[in-house]
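Atoms within each ligand, like the ligands themselves, are counted from 1 in listed order. Throughout, residue positions are numbered sequentially from 1 according to the sequence presented. Since we're looking at a predicted model, the values are computed, not measured.
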Amino acid sequence: MPNPETLALDDDTSVLVLTGAGVSAESGIPTFRAAGGFWESHSIEQVASPGGFARDPALVWRFYSERRQKALTCLPNPGHHALRALEERLGDRFLLATQNVDDLHRRAGSQRLVEIHGNLFLTRCSHCAATPVRDEEEHFGPDLPRCPACARGGRESLLRPHIVWFGEMLDPRHLERIDRFMDAARRLVFLAAGTSGAVWPAAGMVNAARARGATTWLVNAEAAENTAAFHHFVEGPSGLVLPALLKTA
Ligand code: OAD
């Protein structure tokens, strides 16, 4: 067992990181389950499900437009920057899987990034398989954006946020990329930060890593639902803990 104070990274070590809403909390983006979180004023069914979008697409676009506005006023914090610095050090021995859709890891400079729940600033067709496009617009009111590819075929299809909603599958290519990364590691460290461990399949990633012999770390403001699955738990805000932990790693 390595020294519990340090990740003990050497030239053989690969690091898989999983982040959740807590990592963006110090940037000013509310977490999901905290008081004042996103779901408080709207039900999940209304704003984060295919059925909700079918019933009231204008409400859904207003909700995500407000989230776009909010995210654009926020900046990456020292936790995001510490992960980018670790990637610079490890190169292809680093992969960051995030449940966050706020784009802050990308804005901090992270490149080996898998956004398993989508991205707030990507828009895609609700009908066809056209590639999602970068979109920072806010869509309010009755003139909701429509798919140009479908329009060429005479079909009127609404565009929608490129977010994984409840009842939808994660992109299997993302999960495969994470699996391949774990399989290729000579020695694997798994680090989860700012996530409640309540939403699957992300919550099960620690078990998949342990099945490959990984040493596992959790950095969180409080115990997560799956804390017991980790070898090490460092309790505290990720904006403080991650820079300190990764600097000495
Ligand atoms: P949650 O809101 O469920 O959990 C955030 C976790 O971060 C909690 O355990 C907090 O204690 C912790 N936390 C808060 N502030 C922190 C800080 N400054 N430093 C470290 N930890 C802190 O968010 P997620 O686990 O990311 O899915 O939620 C997972 C998914 O649930 C989300 O991606 C979203 C939601 O349904 C979809 O939208 C598909």
Side-chain angles (χ1 to χ4, degrees), residues 17-53 60 63-64 66-68 70-71 74-83 96-105 108 113-122 124 132 160-172 174-175 178 190-206 217-230 232-246:
V17 180
L18 170 70
T19 59
V23 164
S24 293
E26 288 151 89
S27 294
I29 296 188
T31 61
F32 288 88
R33 283 158 189 79
F38 290 129
W39 311 122
E40 205 175 59
S41 48
H42 299 285
S43 74
I44 289 171
E45 175 54 26
Q46 274 178 318
V47 295
S49 78
F53 186 70
V60 173
F63 176 75
Y64 286 99
E66 284 165 2
R67 289 182 67 190
R68 281 182 178 177
K70 171 73 183 165
C74 296
L75 291 172
N77 67 56
H80 296 103
H81 292 304
L83 292 171
L96 173 52
T98 186
Q99 298 165 90
N100 299 343
V101 298
D102 56 34
D103 214 31
L104 291 181
H105 284 302
L113 178 63
V114 191
E115 292 171 310
I116 61 174
H117 289 170
N119 183 300
L120 205 43
F121 298 101
L122 290 175
R124 73 160 190 265
R160 57 163 276 183
H162 184 54
I163 303 276
V164 178
W165 284 333
F166 288 87
E168 295 185 320
M169 303 286 286
L170 272 61
D171 185 336
H174 288 167
L175 301 178
I178 293 165
F190 175 71
L191 167 64
T195 178
S196 55
V199 173
W200 291 71
M205 224 178 261
V206 59
W217 290 74
L218 172 67
V219 171
N220 215 48
E222 61 188 1
E225 284 194 19
N226 59 353
T227 303
F230 289 83
H232 307 293
F233 170 38
V234 187
E235 189 167 356
S238 54
L240 282 179
V241 175
L242 287 177
L245 188 67
L246 300 180

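- Using a 4.5 Å cut-off on side-chain heavy atoms (C-beta onward), Leu83 and Leu246 make contact.
- When all heavy atoms are compared, the tightest approach of Ala203 to Gly197 is CB-O, 3.4 Å.
- With a 4.0 Å heavy-atom cut-off, ligand 1 is reached by the backbone of Gln99 and by its side chain too.
- Which parts of ligand 1 touch Val164 is read off a 4.0 Å heavy-atom cut-off, strictly below it: atoms 39 (C).
- Nearest heavy-atom pair across Ile178 and Ala97 is CD1-CB, 3.9 Å.
- For the residues Ser238, Gly20, Gly194, the heavy atom positioned nearest atom 19 (N) of ligand 1 is part of Ser238.
- When atom types are taken as modelled, the side chain of Ser27 and the backbone of Leu75 share a donor-acceptor pair closer than 3.5 angstrom.
- Between Trp165 and Phe53, the two ring planes are tilted [angle within 30° to 60°].
- Side-chain atoms of Glu26 do not come within 3.5 Å of backbone N or O of Asn77 as any donor-acceptor pair.
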In sequence, state the C-alpha distance, the side-chain angles, and the governing distance for His105 and Ser24, and then conclude on side-chain contact (heavy atoms from CB on, under 4.5 Å).
-> CA-CA 9 Å; His105 284 302; Ser24 293; over 6 Å; no
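- Compare Asn77, Leu218, Val199, Asn100 by their heavy atoms: the one nearest to atom 30 (C) of ligand 1 is in Val199.
- Heavy atoms of Phe166 approach ligand 1 to within less than 4.0 angstrom.
- Below 4.0 Å from some heavy atom of Pro237 lie the following atoms of ligand 1, by number and element: 17 (C), 18 (N), 19 (N).
- When each atom of ligand 1 is checked for a heavy atom of Glu26 under 4.0 Å away, the hits are 17 (C), 18 (N), 19 (N).
- Taking distance alone, with nitrogen or oxygen atoms compared against 3.5 Å, Val219 stays at or beyond that limit from ligand 1.
- Ligand 1 lies less than 4.0 angstrom from a heavy atom belonging to Gly236.
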